[in-house]
Amino acid sequence: MHADEIRALEQALIKTKAGAGCAAMMWGLCAQAGGLDRTGQDLGPLFENGRYLSVETYTVRPRIQGTDALGKSTGQVADDYTQWGFAYKQDVNPRTSVLLMLSKPFGLDIAYSPRQSPLFGGTQARVSSHELMGALRYRWDEHWAVHGGLRLQRTEGHVALGGMVFGALSGYRVDFRPSTEPGYLLGMSYERPDMTLRVAATYYSAIRHKIATRENLWPGETRTASTAPQSFNLDVQTGITSSTLLFGQIRWTNWSQFRLHPQTLAAILPGRSLADMEDTTTYTLGLGQRLAANWSGFVTVAYDKRSDKAALSPLRPTDGRLGYTVGMSYQQGQFKLTPWLSYQRLGSVDISSGGTTLAAFDAESATAFGIRLGYQF
């Protein structure tokens, strides 16, 4: 950019009404794929045979870096993060089984360094969640079963706004204190053991939080209503040959119901939300192959469609996803070890306001490595 173009951009930002400039472009928290989704709320352990215990951990390394309208690099804006999960399943009797599961279903880690982009430096968002779930499955015959259970979800986070694009609101920060609320899940499944066929449908309810909130624009504590979205998973698997399994999932999540209106900010910018996202649908298709007596392998492809909305927020630096995962399983007696590696190609984004591009993010990606240890007894 030439000096006169930079001055013109600065003046366009300064002339915006105090706070209204950010209202035009900043709202919308979105992770790399599927909203803030980090697990897909997998219910696979519920269908394991006998008593089953598993622990899993994986690390994700996003590589998301853009260039702002002043020609400055944004730097790496998405932090690495580590996930973990635990599951224990047990048969109560030949028809009934129970599952206890602990996971971190949703999260976000976005931060712009103040030493990089002057337009966005200091902007950040952190969201974390933990969920304890108890589920029961009842088989009324060889093929049909129903399942359901309760979920207890704890969530917390903060958002900070920084940089020229936010005008008078640069420096604003809101902290969302931990909130714990209940929800539920309901579903049913159909199985044909002779074909290794299973079709399972599961609905996860929305969970409504009333979060204790502190904003640096107001000395007191207020309450912010927030809704963790409802979702629906359809899982299908079928044997192709005696050693080959085809499997897939369609997952819909109602992210459009996730809204955040901190009271002080809402008074300054009526009708605006710190979270403004579209519903997401994720498609996954995979193939598993037994390679030897103790070894098997699998590959999966996952796809998230690009949003129809223009990217209005630096907290949404990606749009859509195409992901590839490969993994191996080694079983020795009652133990099964499953390492896997994933590469995610993340959709490019131009963050704009009033037809002016404020930042461009291209060629973004994320890699992940995980391992699961299962014990059947």
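Since this is a predicted model, take the numbers as computed values, not measurements. We're numbering straight along the sequence, starting at 1. Values below: every heavy atom of this structure, side chains too, minus hydrogens, waters and symmetry copies.
By the criterion of side-chain heavy atoms lying less than 4.5 angstrom apart, applied directly or through intervening Ile, Leu, Val, Met, Phe, Trp or Tyr residues, Leu186 is not grouped with Met133; the two fall into different hydrophobic clusters. Following chains of ILVMFWY side-chain contacts shorter than 4.5 Å, one cannot reach Leu291 starting from Val299, and the two form parts of different hydrophobic clusters.
Counting only heavy atoms from C-beta outward, the side chains of Phe369 and Thr59 never approach each other to under 4.5 Å. The shortest side-chain heavy-atom distance between Leu43 and Tyr204 falls under the 4.5 Å cut-off. The closest side-chain heavy-atom distance from Val77 to Phe361 is below 4.5 Å. In this structure the side chain of Val165 never reaches within 4.5 angstrom of the side chain of Asp68, judged on heavy atoms. With a 4.5 Å cut-off on side-chain heavy atoms, Phe176 and Leu274 count as touching. Put simply, the side chain of His143 reaches to within 4.5 Å of the side chain of Arg192, judged on heavy atoms. Here the side chains of Leu99 and Ser97 are not in contact, with every heavy-atom distance at 4.5 Å or above. Side-chain contact between Leu100 and Leu132: present, with at least one pair of heavy atoms (C-beta onward) separated by less than 4.5 Å.
Applying the side chain to side chain donor-acceptor pair (under 3.5 Å) rule to Arg95 yields no partners; only residues at least two apart in sequence or on another chain are considered. Not a single side chain to side chain donor-acceptor pair (under 3.5 Å) links Gln331 to another residue, sequence neighbours left out. In this structure, the salt bridge (charged side-chain N to carboxylate O under 4.0 Å, His left out) partners of Arg173, at least two apart in sequence or on a different chain, are Asp175. In terms of the salt bridge (charged side-chain N to carboxylate O under 4.0 Å, His left out) criterion, Arg345 has no residue partners (sequence neighbours excluded).
In this structure, a donor-acceptor pair under 3.5 Å is absent between the side chains of Ser179 and Thr155. Side-chain atoms of Ser73 and Gln65 form a donor-acceptor pair, as typed in the model, at a separation below 3.5 Å.
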Go through His147 and Ser189 one step at a time and tell me if the side chain to side chain donor-acceptor pair (under 3.5 Å) criterion holds.
CA-CA 8 Å; His147 56 269; Ser189 60; 4.7 Å; no

Determine, stepwise, if the pair Gln116 / Thr74 fulfils side chain to side chain donor-acceptor pair (under 3.5 Å).
CA-CA 5 Å; Gln116 299 281 344; Thr74 63; over 6 Å; no

Side chain to side chain donor-acceptor pair (under 3.5 Å) assessment of Thr318 paired with Glu364:
CA-CA 8 Å; Thr318 70; Glu364 302 146 337; 5.3 Å; no

Please determine whether side chain to side chain contact (heavy atoms under 4.5 Å, CB included) holds for the pair Thr325 and Gln344, giving the CA-CA distance in whole Å, both sets of side-chain angles, and the decisive distance to 0.1 Å.
CA-CA 8 Å; Thr325 301; Gln344 312 287 318; 4.3 Å; yes

Do Tyr88 and Gln90 pass the side chain to side chain donor-acceptor pair (under 3.5 Å) test, and can you show the C-alpha distance, the side-chain angles, and the key distance before you say yes or no?
CA-CA 7 Å; Tyr88 174 74; Gln90 179 174 325; 2.4 Å; yes

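Screening residues 122-136 for salt bridge (charged side-chain N to carboxylate O under 4.0 Å, His left out), with sequence neighbours left out, gives Asp79-Arg126, Asp109-Arg126, Glu131-Arg151. Sorted by first and then second residue, the side-chain hydrogen bond (donor to acceptor under 3.5 Å, both in side chains) pairs involving residues 41-50 (not counting sequence neighbours) are Gln41-Ser231, Gln41-Arg251, Glu48-Gln376.
Atom OG1 of residue Thr281 and atom CZ of residue Phe232 lie 11.5 Å apart, to the nearest 0.5 angstrom. For the atom pair Arg154 CZ and Leu152 CG, the distance stands at 10.5 Å (nearest 0.5 Å). The distance from the CG atom of Leu234 to the OH atom of Tyr283 is 11.0 Å, given to the nearest 0.5 Å. Considering CZ of Arg198 and CG of Asp235, their distance stands at 8.5 Å, rounded to 0.5 Å. Distance check, rounded to the nearest 0.5 Å: OG1 of Thr253 to CD of Gln230 gives 9.5 Å. Taking OH of Tyr203 as the reference point, atom CG of Asn233 lies at 12.0 Å (rounded to 0.5 Å).
The closest donor-acceptor contact from the side chain of Arg223 to the backbone of Lys210 lies under 3.5 Å.
Separation of the Trp340 and Tyr58 ring centroids falls under the 6.0 Å cut-off.
Ionic pairing of Asp91 and Lys89 is present here: one or more N-O contacts between side-chain nitrogen and carboxylate oxygen are shorter than 4.0 angstrom.
The heavy-atom pair separating Ser170 from Gly163 by the smallest distance is OG-N, 3.1 Å. Ser348 and Asp362 make their closest contact through CB-OD1, 3.5 Å (heavy atoms, listed as atom of the first residue, atom of the second, distance). Scanning both residues, Pro262 and Thr224, for their nearest heavy atoms gives CA-OG1, 3.7 Å. When all heavy atoms are compared, the tightest approach of Met328 to Phe298 is N-CE2, 4.0 Å.
Counted within 6.0 Å of NZ on Lys72, heavy atoms from surrounding residues, nucleotides or ligands total 12 or fewer; the atom is thus considered open.
Residue Val159 is tested with Leu260, Leu108, Leu265, Val174 for a side-chain contact (heavy atoms from CB on, under 4.5 Å); the sole match is Val174. Checking Tyr375, Tyr52, Tyr330, Phe377 one by one against Phe335, the ring-ring contact (aromatic ring centres under 6.0 Å, His included) holds for a single residue, Tyr375.
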